[in-house]
Each structure stands twice: as structure tokens, then as C-alpha cells.
Amino acid sequence: MQRKVRVAASSDGVLPEDMLRHILVRLPAKALCLFRSVSRSWRSLLSDPLFVAAHKSRHPGPLIVTCTSDLFQRGGTIEILDLAGHVVKRIAPIMKDARLERTRHLDLICVSRNEHRPTRHVINPATGDTFALPGRRAKEHAHVEHFFPVSFDFGQVGSTGEYKAIRCVSIDYSDSESSPMLCEVITLNDGRHARWRGKQGPPAPVTSYGNKSVVINGVVYFLVDFLKLNKLIKFSGDHVKPGSMVLFNLETEEWMGIVQGPLPVRTGSCSYFSLHMELSLLCLDGFLVMAHNCEDCSLDLWFLMDTEKSLWNKRYSIDDQNGNLFVQPLEILSDGRMVLSAPGLLRLYDPIAETYIDFEMRNSTFVGTYTGSLLSSESTFTSEAERCTICGCYGTLEAIEPYALCEDCMSHQALLLLQRLEGCAELGTLSRITNCQ
């Protein structure tokens with residue numbers, strides 16, 4: 001039975017609730033977010049899960065997520081855009097020099113920063129809640145001397161609704177084919193108990209660059225890194241060819257084997273380096289897609305039709321003569337048009353008419369998609385989770401009574417303390433010199 005939310009009585013000259021619902025559900029999320037401040041009853045209505053679900057069904061999206069890069073502000077501002085390029089919501093920077101990564105077909109987004117060690121935060125754009133992923137390695141790998149995370153992705157397990165992240169780690173400086181890799185998994189929903197768990201390493205080395213992995217239906221596809229190989233490696237007695245991928249099941253947390261890439265890719269004459277730069281993995285229309293962006297040629301989109309038989313179908317071939325050399329497909333809309341991300345542009349491409357509609361995205365260097373509802377008030381991370389006393393993020397916290405700090409704030413406070421101690425030491429030295437004189 002549908003839960004009723006009292007908005008206002010008709011005797012007050014206000015529209016009946018049912019009529020008001022029918023009107024509001026047609027409005028964009030940006031307007032409804034503002035309308036929440038009208039009154040408590042309006043806020044209750046617009047936050048009602050039934051209304052949120054109805055609005056999302058009527059406005060399926062997707063929305064576009066960008067992370068701006070500003071030379072003077074050092075970047076990090078997240079913007080949620082509609083398909084017309086209008087800003088629906090803006091999220092203030094949570095870290096300097098942040099970049100958007102692994103944000104596709106989820107109601108969460110991930111940003112990262114690389115300094116002396118990688119730092120990643122997962123954000124719920126609807127509530128503003130942030131989960132800081134711990135940087136510490138799994139206890140199973142505490143004995144490892146050299147530890148270099150090289151590949152990361154995160155997604156949702158369909159059967160449980162859990163969000164999990166996975167990282168593959170190199171444990172050797174060497175680039176040889178024998179360089180071993182480890183694997184770690186973390187469940188974001190575990191709140192303050194969230195820890196990386198050690199797992200078996202991938203059956204073949206995976207690449208460390210962006211857009212070389214994707215999560216579809218709870219399975220992570222990693223592109224094999226052939227730059228580390230001096231010769232073809234074998235898996236189950238068969239040669240692993242260029243363009244191959246290793247698969248990881250987020251639910252069982254086990255590797256599923258290797259899938260070969262499209263035949264023209266794995267039998268082509270490109271060098272390993274050229275092929276490595278030209279390939280990327282996407283999710284379009286629910287399919288795993290391998291994008292092959294050949295220089296001075298076209299962007300070929302190969303759809304995986306049969307995983308067991310490694311059967312592929314080239315559905316699209318986009319000419320690169322119209323500024324598409326560095327384009328990245330984001331979504332296929334219900335009318336057949338394709339949403340493309342180009343440097344500084346959001347493009348709507350009609351593959352039948354081969355026409356484009358461009359919208360400017362100034363300073364936006366990292367782009368993804370968001371399929372959640374900005375009206376949702378449900379938090380993903382609050383289950384048995386604690387907030388950092390300083391920055392307010394959720395995550396694995398260090399308890400220093402009466403405070404609880406995330407790893408980033410702990411490191412920052414330690415750095416400030418070190419600087420103060422160094423300053424005190426310099427003052428002490430200067431004082432002794434003055435006394436001697």
C-alpha cells in the first residue's frame with residue numbers, strides 16, 4: 001500500500017497531493033532539489049522513496065559527471081550535467097588535483113589523487129557522503145616488501161547490492177614477464193570494518209592505465225598488459241593473444257579466466273605499444289565493448305556477443321575526421337544516438353545521419369556517467385560507519401580519543417606535527433647560537 005505524505009490541505013488553496021505529485025514528477029531534478037527548501041512537507045514528499053523511484057523512471061538519464069581541472073584552483077570540482085550540458089549539481093572539491101575515475105552506470109562516483117601514494121574517495125552525489133578507501137594493504141600481504149597498486153576498479157554485486165572495489169598490485173620493480181601481481185578486494189558497505197582482503201593474483205599481468213578495465217553485471221574485465229611481456233604467455237595451454245582480457249567475479253571474488261579480443265585486433269600488425277594505446281574497454285547498451293581507436297583511421301566499437309566463444313560484432317565505426325581522435329563513448333540513448341566525450345566537449349552523435357550536436361564543457365578533463373537519483377536521501381556508507389572528525393568522510397578510521405581520523409587526515413596531521421617539531425628544533429638551535437654570542 002502506497003505511503004501517503006501530507007503536503008497541504010486543499011482548503012489552503014494548494015493543489016491536492018495526487019495532482020501535485022503528477023506535476024512535480026515531470027520536473028527536472030535540479031528544480032526539485034531547490035523545491036525541498038519550500039517547506040517540511042515538500043521536503044518530505046520530494047524525499048519519499050516512492051516519489052524518487054517514480055521520478056527516476058520518468059527521467060532515466062543518464063547524467064554526465066565531470067571533474068573540472070582549473071590551473072589556478074588546482075581542480076577537483078565535480079559537476080553533474082544533463083545531456084544538454086546544463087549543470088544540475090555541483091560538488092565542492094574534496095581533494096586537490098582530483099581526477100574522476102571508474103564512474104560508469106552507478107549511483108556512486110570515484111575520485112582519486114596521486115601524490116606519494118594513491119588516495120581514492122567514493123562519493124554519493126545525492127547525499128554528499130564520502131567514503132575514503134584505506135590505503136593500507138591487506139593483512140595477507142603485510143609481509144610483501146615492494147607494493148605498487150597498478151590497477152583499480154569498483155562496481156556493484158547485483159545479487160546483494162554490495163559495492164566492492166578491486167585493485168591489482170605489482171610486487172616487483174621489474175617489467176619482465178615473471179613480475180608477479182597480487183589482488184585485493186574491499187566491500188564498501190562494511191563501514192568502519194572495511195578492509196582490503198588479499199586474493200589470488202590475476203592469471204596474466206593487467207594494465208595500469210585508465211579506461212583499460214570495466215565492470216559489467218558484477219564482473220570486472222581487465223585488459224592484459226602486453227607491454228610487460230617479451231613473448232606470448234599461455235593460459236590453460238593456449239597462447240594469450242593481444243587484446244585479451246582477464247575476468248574477475250566480484251560476488252565470488254575469484255578469477256574467471258581469459259577472454260580473447262576481436263580477431264582483427266589480436267591478429268593485427270600493430271606493435272604491442274601501439275595496440276596498448278589504442279584499446280579501451282567500455283559498457284554500452286549493457287554489453288562489454290572494446291574500443292579500437294586507430295590513429296588516422298576510425299573508432300571501431302566491438303561488442304562481445306559470446307564470452308565463452310570470444311565472439312565479437314563491430315556495430316559502429318566512427319570517422320575520426322570530425323574531432324573524434326580522442327573521443328570516448330559514454331552511452332547509447334533509447335533513440336539510437338550516442339553520447340560521446342571529447343576534449344572540452346559533450347557530443348551527441350547520430351550514427352545514421354552521421355551528425356553531431358556539441359555542448360561545451362570547459363575545464364572538464366575527466367568524464368563519466370551517473371545513473372542514480374539526485375533526489376535520493378539514502379546513504380550508502382552509514383551502516384555501522386563513523387565519520388572522520390576533521391573532514392567528515394566515512395571509512396576505516398584511526399581512533400585517537402576523543403577523535404576518529406581517516407588516513408588522509410591522519411597523514412596530514414602527522415605532517416603538520418613534523419613541521420612544527422622541525423620549526424621548534426630550528427628555534428632551539430638559533431637560541432643556543434644567540435646565547436653563545
Side-chain angles (χ1 to χ4, degrees), residues 26 28-29 56-66 80-88 103-106 211-212 214-217 221 223 243 245 259 261-268 270 275 277-307 309-362 364 366-371:
R26 288 166 168 76
K56 183 177 180 180
S57 176
R58 192 174 185 87
H59 305 268
L63 295 174
I64 306 301
V65 187
T66 71
I80 312 293
L81 313 175
D82 59 23
L83 294 180
H86 300 137
V87 177
V88 178
T103 299
R104 297 170 297 257
H105 302 94
L106 291 173
N211 297 323
K212 307 298 183 183
V214 67
V215 182
I216 303 176
N217 297 327
Y221 298 80
L223 194 65
M245 296 156 293
V259 173
L263 185 62
V265 172
R266 60 180 185 254
T267 60
C270 294
L275 189 62
M277 299 301 295
E278 294 172 356
L279 295 181
S280 59
L281 300 181
L282 316 167
C283 175
L284 293 176
D285 213 15
F287 288 87
L288 170 69
V289 176
M290 179 174 288
H292 188 192
N293 200 341
C294 304
E295 187 177 359
D296 298 328
C297 188
S298 62
L299 173 62
D300 296 332
L301 300 181
W302 293 88
F303 285 64
L304 180 62
M305 310 307 295
D306 190 313
T307 303
K309 298 181 181 179
S310 296
L311 295 180
W312 297 79
N313 177 28
K314 186 170 72 171
R315 289 191 181 180
Y316 300 92
S317 186
I318 304 175
D319 189 358
D320 70 351
Q321 298 303 313
N322 295 296
N324 290 323
L325 180 59
F326 301 105
V327 78
Q328 189 70 235
L330 297 176
E331 189 77 25
I332 297 177
L333 304 179
S334 58
D335 60 6
R337 291 183 300 169
M338 188 179 299
V339 183
L340 306 175
S341 167
L345 292 175
L346 181 66
R347 318 194 79 175
L348 294 182
Y349 169 61
D350 187 336
I352 298 179
E354 296 187 353
T355 56
Y356 301 87
I357 300 176
D358 291 346
F359 303 97
E360 186 177 7
M361 296 190 303
R362 296 193 331 177
S364 297
F366 308 106
V367 183
T369 56
Y370 171 72
T371 55

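Just so we're clear, the structure is a prediction, and the values are computed from it rather than from any experiment.
Taken to the nearest 0.5 Å, the CG atom of Leu348 stands 11.5 Å off from the CE atom of Met338. Here Lys309 contributes atom NZ and Leu304 contributes atom CG; the two are 12.5 Å apart, rounded to the nearest 0.5 Å. Taken to the nearest 0.5 Å, the OG atom of Ser317 stands 7.5 Å off from the CG atom of Leu299. With values rounded to the nearest 0.5 angstrom, Tyr370 atom OH is found 13.0 Å from Ile64 atom CD1. For the atom pair CG (Leu330) and OG (Ser341), the distance works out to 5.0 Å, reported to the nearest 0.5 Å. Taken from OH in Tyr349 to OG1 in Thr355, the straight-line distance is 8.5 Å, to the nearest 0.5 Å.
A heavy-atom distance below 4.5 Å is found between the side chains of Asp82 and Leu63. Contact of the Ile332 side chain with the Tyr316 side chain is registered, since non-hydrogen atoms from C-beta on lie closer than 4.5 Å. Phe287 places a side-chain heavy atom less than 4.5 Å from the side chain of Met305. Within the 4.5 Å cutoff, no side-chain heavy atoms of Pro329 are placed close to those of Val289. In this structure, the side chains of Trp302 and Leu263 stay at 4.5 Å or more apart for every pair of heavy atoms. Annotation: side chain of Met245 is in contact with side chain of Val259 (closest heavy-atom distance under 4.5 Å). With a 4.5 Å cut-off on side-chain heavy atoms, Gln328 and Val367 do not count as touching. Met290 has its side chain within reach of Leu281: a pair of non-hydrogen atoms, C-beta onward, lies under 4.5 Å apart.
The environment of CG in Asn313 is crowded: more than 12 heavy-atom neighbours from other residues, nucleotides or ligands sit within 6.0 Å.
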Quiz item: Can you check side-chain contact (heavy atoms from CB on, under 4.5 Å) on Asp285 and Arg315, steps first, answer last?
Solution: CA-CA 12 Å; Asp285 213 15; Arg315 289 191 181 180; 4.2 Å; yes
Quiz item: Could you walk me through whether Asp358 and Arg347 pass the salt bridge (charged side-chain N to carboxylate O under 4.0 Å, His left out) check?
Solution: CA-CA 5 Å; Asp358 291 346; Arg347 318 194 79 175; 2.8 Å; yes
Quiz item: Can Val339 and Leu346 be said to form a side-chain contact (heavy atoms from CB on, under 4.5 Å), step by step?
Solution: CA-CA 7 Å; Val339 183; Leu346 181 66; 3.7 Å; yes
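The two residues His292 and Glu278 make their nearest non-hydrogen contact at NE2-OE1, 2.9 Å. In this structure, Tyr356 and Leu340 approach most closely via the heavy-atom pair CE2-CD1, 4.2 Å.
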